[in-house]
Amino acid sequence: MRFTAEQRLDDSVLEREFTLGEVPGTLWTPDSTAPAPLLLIGHNGGLHRREPRLVARARQSAAHGYAVAAIDHPGHGDRTRSSVDERARAELRRAKAAGEPADEIFESFVGPLVEKAVPEWRTTLDALLSLPEIGGPVGYSGMAAIGIRLAVAEPRIAAACFFAGGYVPRAQREEARQVAVPLLFLLQWDDEGNPRQRALDLFDAFGSKEKTLHANTGGHAGTPWFEVDDGTRFFGRHLR
């Protein structure tokens, strides 16, 4: 892991850019002398790790005493999209404009994204936990498809918050039964891109003994900000 830039923000949070191989990332750490628990923040939809709402979530969590890390997934943010990714996204735009089913198109690029992104998260986790200012335990908050695989594959994940708005491939819907960590699941009731019943079925499938569903009215991008505060309380119960 190589740190490439840093700045001290006005909320006493230290923000550092890093690279790990070809993976770019950002780490926010609190002003504390004790090793901090770690929160991994994921994103989807081609977004950059420096998307304003993601950065705001990260800074708030760091101000509450967490080390927070985000990386750009393959084809996201600062990383180059492959020609295969570009064709799949163009086909998705065409299908949506024509009102055609898009599940198979989503399968064609979200499934491979999960297969590539989860090993990168695990390598990043190894590097982060070697830093003296980070002590664990570890939580994950973000894209459900990646989070499901990560929670199943990575025993260091102690709790997770999944956003129901992104497409979850069939393989991860099956893997959901193996998710055992405490879980907070966020659903936008009127999400235009995610069938409500599919999200409810996914919540039902999770194997966690402790799982909570928060459903709010509104579309895909309308998750209310107070859910960030609820997420902080949720992780406070399981990472402290």
Note, [X] side chain near [Y] side chain (heavy atom, < 4.5 Å):
X	Y	result
Ile157	Arg122	no
Val168	Leu202	yes
Leu27	Phe3	yes
Glu115	Arg149	yes
Phe162	Ser141	no

Could you tell me whether [X] and [Y] make a salt bridge, using a distance below 4.0 angstrom between a side-chain N and a carboxylate O?
X	Y	answer
Arg49	Glu17	yes
Glu104	Arg170	yes
Arg156	Asp126	yes
Asp201	Arg196	no
Asp204	Arg177	no
Arg79	Asp72	no

To the nearest 0.5 angstrom, please state how far the [atom1] atom of [X] sits from the [atom2] atom of [Y].
X	Y	atom1	atom2	value
Leu9	Glu15	CG	CD	5.0 Å
Leu213	Leu183	CG	CG	9.5 Å
Asp230	His214	CG	NE2	5.5 Å
Thr232	Glu227	OG1	CD	11.0 Å
Phe206	Thr212	CZ	OG1	12.0 Å
Leu128	Glu133	CG	CD	9.0 Å

Any luck finding a side-chain donor-acceptor pair between [X] and [Y] under 3.5 Å?
X	Y	result
His238	Glu210	yes
Glu154	Tyr140	no
Glu175	Gln172	yes
Asn194	Gln188	no
Arg16	Thr4	no

Taking all atoms of both residues into account, what is the closest heavy-atom pair of [X] and [Y], and its distance?
X	Y	answer
Ala117	Ile146	CB-CD1, 3.7 Å
Glu107	Tyr167	OE2-OH, 2.7 Å
Asp78	Pro24	CB-CG, 4.3 Å
Pro74	Glu120	CD-OE1, 3.5 Å
Phe185	Ala164	CZ-CB, 3.4 Å
Trp28	Leu54	CH2-CD2, 4.3 Å

According to a 4.5 Å side-chain heavy-atom criterion applied to Ile, Leu, Val, Met, Phe, Trp and Tyr, with indirect links allowed, do [X] and [Y] form part of one hydrophobic cluster?
X	Y	value
Leu131	Ile71	yes
Leu14	Met1	no
Leu129	Trp121	yes
Phe163	Val228	no

**Prompt:** side chain to side chain contact (heavy atoms under 4.5 Å, CB included) between Arg89 and Arg81: does it pass, once the steps are laid out?
**Reply:** CA-CA 10 Å; Arg89 291 177 185 277; Arg81 288 182 183 172; 3.4 Å; yes
**Request:** Kindly indicate, with the supporting measurements, whether the criterion salt bridge (charged side-chain N to carboxylate O under 4.0 Å, His left out) is fulfilled by Arg59 and Asp10.
**Result:** CA-CA 10 Å; Arg59 290 182 60 172; Asp10 55 12; 3.1 Å; yes
**Message:** Apply side chain to side chain contact (heavy atoms under 4.5 Å, CB included) to residues Val110 and Met143 and explain how you reach the verdict.
**Reply:** CA-CA 11 Å; Val110 180; Met143 180 180 180; 3.9 Å; yes
**Six-ring centre of Tyr66, Arg240 cation under 6.0 angstrom, axis tolerance 45°** = yes
**Asked** Is the NZ or CZ atom of Lys211 both under 6.0 Å from the centre of the six-membered ring of Phe203 and within 45° of that ring's axis?
**Response** yes
**Request:** Could you walk me through whether Lys116 and His73 pass side chain to side chain contact (heavy atoms under 4.5 Å, CB included), step by step?
**Result:** CA-CA 8 Å; Lys116 296 173 185 176; His73 299 144; over 6 Å; no
If you look only at distance, which donor and acceptor atoms sit under 3.5 Å apart when one is on a side chain in residues 31-42 and the other is two or more places apart or in another chain?
from, atom 1, to, atom 2, distance (Å)
Ser32, OG, Ala34, N, 3.2
Ser32, OG, Ala34, O, 3.4

**Message:** Using modelled atom types and a 3.5 Å cut-off, is there a donor and acceptor pairing between side-chain atoms of Ser130 and backbone atoms of Ala127?
**Reply:** yes
**Prompt:** Does the Thr26 side chain pair with the main chain of Ala70, one donor and one acceptor, at a distance under 3.5 Å?
**Reply:** no
**Prompt:** What do you reckon, is CZ of Arg8 surrounded by more than 12 foreign heavy atoms closer than 6.0 Å?
**Reply:** yes
**Request:** Might you confirm whether atom CD of Glu22 has over 12 heavy atoms from other residues, nucleotides or ligands at distances under 6.0 Å?
**Result:** no
**Asked** Parallel, tilted or perpendicular: which describes the rings of Phe109 and Phe106, with under 30° parallel and over 60° perpendicular?
**Response** tilted
